[in-house]
There are 2 protein chains.
Amino acid sequence: MPYMTPRYDDLVNPRPDTSLAQRKRQLVSDELTEAALQLLALKGFDGVTVDEIVAAAGVSKRTFFRYFASKEDVVVQFLAGMGADMRDELAARPAAESPSVALRHTVQVPVAACADHSDHAARALRVVRLILRTPALYARFLERQAQWRDALATELAGRLGLAPDADLYPRLAAGMALSAFDTVLHRWSGSEGTEDPVVLTDRAFAVIAPALDEVPRPGGAR
Amino acid sequence: MPYMTPRYDDLVNPRPDTSLAQRKRQLVSDELTEAALQLLALKGFDGVTVDEIVAAAGVSKRTFFRYFASKEDVVVQFLAGMGADMRDELAARPAAESPSVALRHTVQVPVAACADHSDHAARALRVVRLILRTPALYARFLERQAQWRDALATELAGRLGLAPDADLYPRLAAGMALSAFDTVLHRWSGSEGTEDPVVLTDRAFAVIAPALDEVPRPGGAR
DNA sequence: GCCTTCTTGACACTTGATGCCACTCAAGGC
DNA sequence: GCCTTGAGTGGCATCAAGTGTCAAGAAGGC
């Protein structure tokens, strides 16, 4: 089930460089994304067909599937780069930092992206709400989270000098951190964006920190 | 995205009672499940069409969709009753038991079902492997896990006298427990069933227990 | 001007999934 | 014994998601 090339970075800070062809491509993609989100938020995921979306965007259906691997992908691509961002953040954290602190800052990266007080935040809230209340989209989101967990577990194992697959700790720690992320999104979405997701994240990590910081010694328990 | 009536219990211990009509229905369902799992394990999820399955089972395609909400559902239905079972187990645990112990026994219910040394175990391993390595199925599995998490969080909140939605703890604790479950399944599947999933579960819970047993006092932190 | 490359649109096709109608058959009333 | 009823079923038509293929058009190099 291959996803297309991540465009999260492009969406966050559209780079002015690159060729004309690539900017045209970006334009079509934005048009498609805009039309799709507009319709999906209005009529629900199953209430909108791809034909409607492409009609609104003024392109052919075939073109749609050149930009997005599936209808779900239109929404999920918003999250595409988050995994890489989190992994990079975790890799950049000082080695001396405890797992709970490092992972907390890691999770804060996408959380802060949602929380920034701009027009971006309102759109992020709409997308998150759509994902959380549409089973098909939520399933894809969780699948994406599972990939993030693998990446974070690998990075964490390297950080701590543990064999990536020998110990249960890295995968569990990554799972706990993402569980916190998920819980924060639910609360944030449920509160209509009134609660501060950054604060929620801190509170969530206060709960899971006792387990995160019980690191097994390298080469210890099989 | 409504799933059909759970039949996990029927599969675990087929009840001999009920009317003739219901037994006929059970027969068709079993035939369909058997044919589907046989083909899916052999040719992969996308390598098998519904038409092949119904041809092998000797029924029409229309009938297939009367028993299963989707092709994915054939596989996922194996897990249908696990959520209820876990919730029941958690509800039945003594109130004095700490969250980590209660949740560990809760997760051991489905784990033990996989581990029992019968012909059932081999089939369970095949199904788990199929789910874990098929993105579409794994996504559905995770979606199902999310439902379990909600149920477990509600049950846990009731156990501890916490408001279900006021505190982050119940949802996080349930998420951690299911994260352990998921990790155990991966390890068990990866080891081709040689590792004992019950032991793996105990080890996983040893990692997350420090966080699980830091219960916030009822009505404490907002 | 010509050629190459990339992008797009149009069409046909496969497959998952659903609606509709007719048929079968067991159960129960008369 | 016959008829009705209702659940289960098969066949067919249909919709929507997604893919393969090919021809047409625009950008850039020669």
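Chain identifiers are assigned alphabetically (A, B, ...) following the order of the sequence lines, protein sequences preceding nucleic acid strands; residue numbering begins at 1 within each chain.
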Considering only [options], which nucleotide approaches the side chain of [X] most closely?
| X | options | answer |
| --- | --- | --- |
| B:T63 | D:dG8, D:dG10, D:dG18 | D:dG10 |
| A:V50 | C:dG9, D:dA17, D:dG10 | D:dA17 |
| B:Y67 | D:dG8, C:dA17, C:dA10 | D:dG8 |

Rounded to whole angstrom units, what separation is found between the [atom1] atom of [X] and the [atom2] atom of [N]?
| X | N | atom1 | atom2 | value |
| --- | --- | --- | --- | --- |
| A:K71 | D:dA16 | NZ | P | 10 Å |
| B:E72 | C:dA17 | CD | C1' | 12 Å |
| B:F64 | D:dG11 | CZ | C1' | 18 Å |
| B:E31 | D:dG10 | CD | P | 12 Å |
| A:F65 | C:dT7 | CZ | C1' | 18 Å |
| A:L40 | D:dA17 | CG | C1' | 14 Å |
| A:E52 | D:dC15 | CD | P | 14 Å |
| A:K61 | D:dC15 | NZ | C1' | 10 Å |

Can you name the side chain to side chain contact (heavy atoms under 4.5 Å, CB included) partners of B:Q108, sequence neighbours left out? B:R104, B:V111, B:V198, B:T201, B:D202
Are B:E34 and B:R123 within salt-bridge range, i.e. N to O under 4.0 Å? yes
Touch check for B:V54, heavy atoms < 4.0 angstrom, all strands: base, sugar-phosphate only, or nothing? nothing
Pick the nucleotide of DNA chain D nearest each of B:G58 and A:T49; which residue has the one closer to the 5' end? B:G58
Distances under 3.5 Å between nitrogen or oxygen atoms of protein and nucleotides 22-25 of chain D:
none

Which of B:R93, B:R87, B:R149 passes salt bridge (Lys or Arg N to Asp or Glu O under 4.0 Å) with B:E155? Answer is B:R87
Are A:Y138 and A:D182 close enough that some pair of their side-chain heavy atoms sits under 4.5 Å apart? yes
Nearest heavy-atom neighbours spanning B:Y169 and B:A211: CE1-O, 4.1 Å
Would you call the rings of B:W148 and B:F141 parallel, tilted or perpendicular, where under 30° means parallel and over 60° means perpendicular? perpendicular
Which side-chain N or O atoms in residues 170-179 of chain B pair as donor and acceptor under 3.5 Å with protein atoms at least two apart or in another chain?
from   : atom 1 : to     : atom 2 : distance (Å)
B:R171 : NH1    : B:D150 : OD1    : 3.1
B:R171 : NH2    : A:H186 : ND1    : 3.4
B:R171 : NH2    : A:H186 : NE2    : 3.2
B:R171 : NH2    : B:D150 : OD1    : 3.3

Donor-acceptor pair under 3.5 Å, B:R62 side chain vs C:dG19 base: yes
